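Report on one structure; see the data block that follows.
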Amino acid sequence: MTDKTNPAKSEMAGTDTLDRQNVTAKTEQLEQYRTDATGQALRTNHGVKISDNQNTLKAGARGPSLLEDFIMREKITHFDHERIPERIVHARGAGAYGYFQPYEDFSKLTKASLFRDPSKKTPVFVRFSTVQGPRGSGDTVRDVRGFAIKFYTDEGNWDMVGNNMPVFFIQDAVKFPDFVHAVKPEPHNEIPTGGSAHDTFWDFVSLVPESAHMVLWTMTDRAIPVNFRSMQGFGIHTFRFVNAEGKGTFVKIHLKPAGGVRSLVWDEAQKLAGKDTDAHRRDLWEAIESGDYPEWEFGVQIIPEEDEHKFDWDLLDATKIIPEELVPITPLGKLVLDRNPDNYFAETEQVAFCPGHIVPGIDFTNDPLLQGRLFSYTDTQISRLGGPNFHEIPVNRPVAPNHNDQRDAAHRMTINKGRASYEPNSIDGGWPKETPSAPVDGGFETYQERVDAHKVRERSESFGDHFSQATLFYRSLSEAEQQHVIDAYSFELGKVDRLWIRERQVNEILANIDLDLAAKVAANLGIPAPAKGTVEPRKISIDKSPALSQVNLLSGNIKGFKVAVLVANGSKASDVDDIKAALKAEGAHVKVLGPSSAPVKSAEGGEIPVDASADGMPSVAFDAVFVAGGAEAAKAFAMNGAAKHYLYEAYKHLKAIALAGEAKDLIAKLGLDPDAGLLGGADAKALQKDFFAAMAEHRVWARLPKITSVPA
Ligand code: HDE
C-alpha cells in the first residue's frame, strides 16, 4: 500500500515552508550549533561550574589521586576519544563556505532549482584535499587535489565530488582498492608520505595502461598547484541533466578559477612542504579573511543524447575528456567562497560528501567508476563518522527538510515526534508522504534510461584505447610544460628501486604516449630509449587541444598574487609605499620583509614597519619579489648570504624580481642576466609596469634553460 490508499492522500506532501533565501537559512541553521565561551564560566559537559582546573582531587597534596574526581575523569575520558578515523583517501584538506549563483535561468537544461533563478544564491561548503597523504601531511606534495562541493539546495543536498584533473587512473570502481593500496605509503615502512615516487605505485600503473593518461596529468604542474584558489575543478564523469519535460542531456562539469590556473615548480613545491606544511590551507584561509574571495566559473560541456557515440572515445570512460575544442564549455554561474569555518574538526573534518547525493534535475550515467562511487562514500562515513546519522552533523544537514521514517542508531540528535515510524500509516495522518514527481519541485524521479543486456563482467571495447588522449595532452603542452613532465617522470622513476618497473613504464607506457618523451626519460634513467611503442597509435580527430595547456589559462592580471618586498636598514620608505599602493590597486597581497620582525630605519630617516622576517617568509611563499632602493640597504643585501639566497631562489623558481634604485646593481653582483622578469631600474615607479606584466605571465619561462638541472 502506498499513500494512494491513504486517508490523508488529498494533502500534498512537500508543503514544508522552505526558506528560499538559502544562504541565510544555512547560516542561521549553523548558528544554532556555534558556541562562544567569551564571558562564560568553565563547566563540565553536564553543566557544573568548575572551581579548579589545575589539580586532580587527591588525598593530601602529595597523596594518591581519587577515583571520585568526576571532573578530571570526564575531561580525560573525552580527550582519550578525541580522534576519529581519518579519510582513507583525501585525508588532508581544507574547506570553506560560500555560494553558487547562476548567470541566468537554465531550466531548458535542468530542472534543478539551483540553476533556475539568477537572483538565488545556493549555499555551499567546499573541501579541497590531497589524495595520498595522511591528515598531517604536506600541502604541496605532487598529487591530485580533491575539489568537493556540497550544494545545500532547497531541494536537498547535491554533492559534486570532483578533482582538479579531468580524468582518473582507472575505469572501473572495483580496481580502486588496488590503486589506492599501490599509491599509499608502502606497507613495511610506511614510506613515502604524500607522494607517488615509489615502487608499488609505478609497479601498478606500469601494469595498468588505462592509467597512462591520468598519470601523465599527475606528472604535469597541475599536481603541484600554487594554491587551492588557482585550481580548476572537474566532475570527471559524464553526468546527466534532466529538464522539466524529462529530456536528458549529458554534461561534463568544469570549474575555472577567476584568477587563472597556476602551479608551483617542483623544487619550490618540495621546499614549501618543509617551510610551510600548511601553505595551501593557510592561503585559502588568509584570502577569505582578507576579503579576497576565491571565485570560480562553473560551466558544463553539453552533449545531446543523440551525440553519445559521436566522439573518438566513450563518454562513460572516466580516463577520457571531451576536448573543449570539440565541445566548448557553457558557463552556468559562479562559485564564491566567502566564509571560513569556525572549527576545523566540526566542519571540515566532519563534512561527508557522496556523489550519490543528487537532486531532481541531475542524474547519473552508467560510468562504472561513478557507479561504484555511489556506494563507497556513504559506506565509508559509517565507520569514519561512527554510524548512519552523520547527516545530522551541522555541516552535513540539508537546508531542505528531511522527514522520513528512519529512526535511532548511534548519536541520534533528532527527536522525532509521533507514533508511526512506518509508511503507510493511519495513526499520524499518513505523514510524511511521498511527493509525486512533477515538472518542477516534485519528488525525485530517476531518468528512464532503457537497459536491455546480459549480466556480464566485461569492459566495453570502447574503453580499449589508453594512449591517444595522453598523446594529445602531451602534444598540447608548451615546451616548458613538456620539460617539467620529463623532469617529473625522471624524478619519480629515479626513486623506483626495481629496474624492471622503470623499464616497463618507459617501454610499455611512455613509448606509447610519445617516443621523444620516452627517450628523454630513458636518457635520464640511463636505460636504452625504446625504438617504438607496443601498440599501434590510433588516429583521432584532433591533434592538439590548446585548452589543456596551463599557459593558456592565466587571468592576464595579478589579482590575488603574493609579493614580498625586501627591506633593510637604509631602504627607501617611498619605494615601499609606492609599490604597496600600486600592488594593492591591482588586488595583489604584499608583505614587507626585513632582517627580523623589527622595523628597519628608512633612508629618509624614519622607520619602515615590517610584516615578518625574510627568514620566516621565504621566497617560496610568494609569487614575486621586489627589493626597495636605498644605498645603505643595497650594500647590506650585497654582503648578506641570506638575502642573496632569497633572490637566487626566486630566480631559480622563474619568478618576477624587481630591484629598485641602488638595489639594481645586485643583478650584476649576483652574476645573473637581466631578462623579462629580472628587472632593475633607478626609478622604482617606472619599474612597476614591466614588473606587473612579468608577474601576470606567472613564470619567466624563457629563463628555464638557464636553471634546469636536466640539460635539454
Ligand atoms: Fe573518491 N573517495 N573514490 N574519488 N574522493 C573518497 O570518501 C572512491 C574518485 C574524491 O573532501 C572516500 O568520504 C572510490 C574519483 C574526493 O571529503 C571514499 C572511487 C574522484 C574525495 C572514496 C573513487 C574522487 C574522495 C574517502 C573509485 C574524482 C574527498 C573518504 C570508484 C571525481 C571528499 C570519503 C572530501 C573521498 C571512494 C574515485 C574524488 C573511500 C571507491 C574518480 C574529492 O569513499
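In listed order, ligands and their atoms are each counted from 1. Everything numeric here is computed off the predicted structure, so don't read it as measured data.
- In the vicinity of L369, heavy-atom distances shorter than 4.0 Å reach the ligand 1 atoms 27 (C), 31 (C), 42 (C).
- Heavy-atom contacts of I236 reach the following atoms of ligand 1: 28 (C), 32 (C) (cutoff under 4.0 Å).
- Annotation for ligand 1: atoms under 4.0 Å from non-hydrogen atoms of Q381 are 13 (O), 34 (C).
- Salt bridge present: R229 and D292 bring a charged side-chain N and a carboxylate O closer than 4.0 Å.
- Under the 30°/60° scheme for interplanar angles, the aromatic rings of W158 and F151 are found to lie parallel.
- Taking the centre and axis of the six-membered ring of Y152, the NZ or CZ atom of K26 falls inside the cone set by 45° and 6.0 Å.
- Residues D203 and T200 bring no donor and acceptor atom of their side chains to less than 3.5 Å of each other.
- A donor-acceptor distance shorter than 3.5 angstrom exists from the side chain of K184 to the backbone of I88, with no hydrogens or angles considered.
- For the residue pair D367/H237, the side-chain donor-acceptor check at 3.5 Å is satisfied.
- Distances below 4.0 Å separate heavy atoms of A173 from the following atoms of ligand 1: 31 (C).
- Nearest protein heavy-atom contact of atom 17 (O) of ligand 1 is R87 NE, 2.7 Å.
- Atom 35 (C) of ligand 1 has its closest protein heavy atom at R127 NH1, 3.1 Å.
- Among pairs with a residue in residues 318-369, none fulfils ring pair (Phe, Tyr, Trp, His ring centres under 6.0 Å), at least two apart in sequence or across chains.
- Shortest contact from atom 43 (C) of ligand 1 to any protein heavy atom: G162 O, 3.2 Å.
- The aromatic rings of F169 and F179 lie parallel to each other, with less than 30° between the two planes, well short of the 60° mark.
- Considering backbone and side-chain N/O atoms, R384 never comes within less than 3.5 Å of an N/O atom of ligand 1.
- A distance below 6.0 Å separates the ring centres of H254 and F234.
- Between D342 and R339 there is a salt bridge, with a side-chain nitrogen of the basic residue lying less than 4.0 Å from a carboxylate oxygen of the acidic one.
- The pair R92-E86 fails the salt-bridge criterion, with no side-chain N (NZ, NE, NH1 or NH2) lying under 4.0 Å from an Asp/Glu carboxylate O.
- When only modelled atom types and interatomic distance are considered, Q505 and Y489 share no side-chain donor-acceptor pair under 3.5 Å.
- A heavy-atom separation below 4.0 Å is not found between A318 and ligand 1.
- With waters neither drawn nor counted, the protein N/O/S atoms under 2.8 Å from atom 1 (Fe) of ligand 1 amount to 1.
- The shortest contact between atom 34 (C) of ligand 1 and any protein heavy atom is with T380 CG2, 3.5 Å.
- When the options F179, F375, F168 are ranked by their closest heavy atom to atom 42 (C) of ligand 1, first place goes to F168.
- Protein heavy atom at the shortest distance from atom 28 (C) of ligand 1 is N163 ND2, 3.2 Å.
- Among protein heavy atoms, atom 33 (C) of ligand 1 sits closest to F353 CD1, 3.9 Å.
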